[in-house]
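Comments concern the structure below.
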Amino acid sequence: MKTRWLLVAGMMCGSQAWACGELTTADAWVRLAPPGAAVMAGYLTLSNSSEQSVLVQGASSADFDKAELHSMSMDGGVMQMRKLELIEVKVGQEIKLAPGGNHLMLIGPKRSFKAGDQIDVALNLCEDEQQLVKFTVRESAP
Ligand SMILES: [Cu+2]
């Protein structure tokens, strides 16, 4: 009995990994930061018009030491940021990462940026898929 359950669980995991949906991204931008800033914040709109939900499990960029998904909230008048392990984009759902809310935290820039520069970011989706998104460096939201 126990063996059979393990087998079923294994098959379900397998089909889930295979059935990762696709994301459409829009308005991907990174806020221009003063020279020497340790972090930069990226924003974009994620929408899922596929047949399967999509888990965004983090991100990476060759231009930064690391990238994390963060939430932002007011806690007793103090702005708090927390690392999110994942963001789920359900079928038909649109999720905006925007100033004051969820964002992509780009940590440890490896070069300097000016407005108009492009930053390539790979979003880690589902088990082991990646989607490349081009962010534009801007002084304010598009
Ligand atoms: Cu952050």
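Hydrogens, waters and symmetry mates are skipped; everything else that's a heavy atom, side chains included, is used. Every number for a ligand or one of its atoms is a count from 1 in the order of the listing.
With ring centers used as reference points, F135 lies 6.0 Å or more from W29.
Within a 6.0 Å radius of CD in Q131, other residues, nucleotides and ligands contribute more than 12 heavy atoms.
If you look at the Cu ion (ligand 1), the protein N, O or S atoms less than 2.8 Å from it are H70 ND1, M81 SD, H103 NE2, M105 SD.
A donor-acceptor pair under 3.5 Å links the side-chain atoms of S61 to the main chain of D120, judged by distance alone.
Under the side-chain contact (heavy atoms from CB on, under 4.5 Å) criterion, M74 pairs with M79, not counting sequence neighbours.
Note on L44: it clusters hydrophobically with V121, by side-chain heavy-atom contacts below 4.5 Å among ILVMFWY residues.
Remark: the T136 side chain and the Q118 side chain contain an N/O donor-acceptor pair separated by less than 3.5 Å.
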